Protein chains: 2
Amino acid sequence: MELQLQIKMNEKLFLRNPERSELGKKIILHSIQLIHKNGFESFTFKKLAEDIGTTEAGIYRYFENKHRLLIYITAWYWSWLEYRVTIHTNNIKDPVVKLKRVIRLLATTVEDDFKTSYVNENILHQIIIAEGTKAYLTKHVTEDNKDQLFKPYKDLCAKIGAIILEYNPKYKFPKSLSSTIIEMAHFQNFFMNNLPSLTDFGKDKDESKIVVFLEDLVFTSIRK
Amino acid sequence: MELQLQIKMNEKLFLRNPERSELGKKIILHSIQLIHKNGFESFTFKKLAEDIGTTEAGIYRYFENKHRLLIYITAWYWSWLEYRVTIHTNNIKDPVVKLKRVIRLLATTVEDDFKTSYVNENILHQIIIAEGTKAYLTKHVTEDNKDQLFKPYKDLCAKIGAIILEYNPKYKFPKSLSSTIIEMAHFQNFFMNNLPSLTDFGKDKDESKIVVFLEDLVFTSIRK
DNA sequence: TTTATTTAATAGTAATACTATCTTATTAAA
DNA sequence: TTTAATAAGATAGTATTACTATTAAATAAA
C-alpha cells in the first residue's frame, strides 16, 4: 500500500488547482526551487515559465500573481507542519513532551518524512525562513485574511497554544507565545546563518542550539 | 538654546547624503509618508518624485534603489531608538528598571520626544513594524552586512543583551533573547492589528498588553 | 572671466507584470 | 457520432517599473 499525502488547499489561493495537472505540479516544484535560488524579489513568472518550458500566460492561468503563489506555498507549508505536529504528538499525554517535539519540528530541518511527490520539503523550509513573513506583511493582509488565506498558520498557532494551556491552564499568553516560538524558530535560524551577532549560536550553525533556546524560553515562561 | 538631533549615517547607505540638501530631506520625509500609505511593494521612485515635485533621476542621485532607501530608513530608526534607550536608561542602576524601560520604548508608540525636523517618528514606527524585516530578508544580506548597513540594529541588540547580562550574568542567550523581544515588540503589534487570533490581545488593540507579555517573557527567562 | 564641478532636467531602454487573442486539444452533451 | 463547450497552450501586445545616458543650467574655484 502506498500512502500519498494530499493537503486540501483553500480554493481562493489559486485560479486553477495546481495539484490537478502536470503543469500545475511543475509550477509548484519549480517556483520553490527558483525562489530558493534567487529570492522572492527577483522571482518572476517569466523566469519560472522559461525554467519549466512553458509560457508566462500559462502560469497566470494558475495564479493571479507571484504574491498569491507565495501565499499558496506558505499555506501548504503550514498545513504540512500542522499535520506533522499532529502525528508526532498523537497519543502522547505529557504536554512537556509534546511541546518539546513541537519545538523540534519548528526549528530543525525536516528529516525524511514520507514525502509528497512534487514538493521538496527541505528547500521549502529554507524558503519559509527567508520569505515566509512576506506572505502577510502587506497592505492587503486584511482582505487576504478575510479570504482565509492564512488559516493554516493560524490553525497551527492555535494548536500549539492549546498544548501550552494543557500544561498550564493559567498561563496568560498562549497564542502570543505560540506565534513567538513559530516566528523565532525561523528568525533565529536566519540570524544564525546571516547576521550571527544577533544570536548566541556563533558560527557553528547548529540548529539544536535554537531548540535549546526556545525550550528555555517556553518552559520558563509557562512554569506553574 | 535649541537642540537638534543629528544621527550620523553610514556613507554606504546613500550616493549623496540626503541630510545635506533640501531635496534630500524631502526624499526622506515623503518616502516615509508614501511607504506608510501604500506599502513598500507599491512604492516607486516615480511616485515619490511626483509627490515631491522633482524627477525620478533626481531621487536616483541620492539612493541607488528603493531597497537601499528602506535600509537607510530602518537604520535611522534603529540608531534613533538606541539613542532613546541610552537617555532613558542613563544613570539608572537597577537592570530591572532599565529592561522595563527598554521594553516600553520598543513596544509602544513614540511619545513626543524632541523631534527631528524631517522625520515623522510616529509614522516611521508604523513602517518599521510592517516593512522593517524586509531590509535584511534578502539574498544580498551578507554583502549588505559586510558594508555595515545593519550596524545600528546589531548595536541596539548588543546594548539590550548587555543589560540582560547585568541582571543575570549566567543567562545563556542574551543576544537571542534581545533580538526576540525586538522583533516580537513589532510582530505582536502587527498581529494584534491585522491577524489578532495570533495573539492574546484581542481587538482592543492596547499596546500596553504587549508590554506586559514581553516583560513576562523576559523576566521569567532571565530569572536567577 | 574662464574653467571646472556639481546639480537638475530630458529622454531614453530593458525588464516586469500583466492582458487579450487565437489556436488546438479534450471532454461532455445532444 | 456529431456538435458544443471547456480547457490548455502559444503569440503578441501594453502599461509600468527600474533604471541609464545625455544634455543643460547653476554654482564655485582659479
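So you know, we letter chains A, B, ... as the sequences are listed, proteins then strands, and number each from 1. If you're wondering where the values come from, they're calculated on a predicted model, not measured in any experiment.
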Toward the 5' end of DNA chain C, which comes first, B/G58 or A/F43, by nearest nucleotide? B/G58
Compare every heavy atom of B/S178 with every heavy atom of B/C157, then report the nearest pair and how far apart it is. O-OG, 2.9 Å
First and last nucleotide of DNA chain D touching chain A, 5' to 3', heavy-atom cut-off 4.0 Å? D/dA7 to D/dT11
Quickly work out the [X] [atom1] to [N] [atom2] distance and round it to whole Å.
| X | N | atom1 | atom2 | result |
| --- | --- | --- | --- | --- |
| B/L23 | C/dT6 | CG | P | 17 Å |
| A/L70 | C/dA17 | CG | C1' | 16 Å |
| B/K46 | C/dA9 | NZ | P | 16 Å |
| A/K47 | C/dA14 | NZ | C1' | 13 Å |
| A/N38 | C/dA15 | CG | C1' | 15 Å |
| B/E22 | C/dT7 | CD | P | 14 Å |
| A/L69 | C/dA17 | CG | P | 12 Å |
| B/Y60 | C/dG12 | OH | C1' | 14 Å |

Contact class for [X] (heavy atom, under 4.0 Å): base, sugar-phosphate, or nothing?
| X | result |
| --- | --- |
| B/S21 | nothing |
| B/R61 | base |
| A/T55 | base |

Does the pair A/Q33 and A/H30 meet the rule for a side-chain contact (heavy atoms from CB on, under 4.5 Å), with working shown? CA-CA 5 Å; A/Q33 287 169 3; A/H30 286 81; 3.9 Å; yes
Taking the six-membered ring where the residue is Trp, are the ring centres of B/F191 and B/F201 under 6.0 Å apart? no
Heavy-atom nearest nucleotide on DNA chain D taken for A/A57 and for A/Y62; more 5' hit belongs to A/Y62
Only counting residues at least two apart or in another chain, list the ones meeting side chain to side chain contact (heavy atoms under 4.5 Å, CB included) with A/P196. A/K203
Less than 3.5 Å apart, which donor and acceptor atoms pair up between the side chains of residues 55-64 of chain B and the rest of the protein, not counting sequence neighbours?
{"from": "B/T55", "atom 1": "OG1", "to": "B/G58", "atom 2": "N", "distance (Å)": "3.4"}
{"from": "B/Y62", "atom 1": "OH", "to": "B/S21", "atom 2": "OG", "distance (Å)": "2.5"}

Salt bridge (charged side-chain N to carboxylate O under 4.0 Å, His left out), that's the test. Do A/R68 and A/D144 meet it? Break it down for me. CA-CA 10 Å; A/R68 278 286 158 124; A/D144 289 350; 3.3 Å; yes
Any strand counts, and the cut-off is 3.5 Å on both contacts for Watson-Crick or G-U wobble. Which nucleotide pairs with C/dT10? D/dA21
Before accepting this row, confirm whether a basic side-chain N of the pair A/E41/A/K134 lies closer than 4.0 Å to the acidic partner's carboxylate O. yes
Any idea which of C/dA9, C/dA20, C/dC18 is nearest the A/E56 side chain? C/dC18
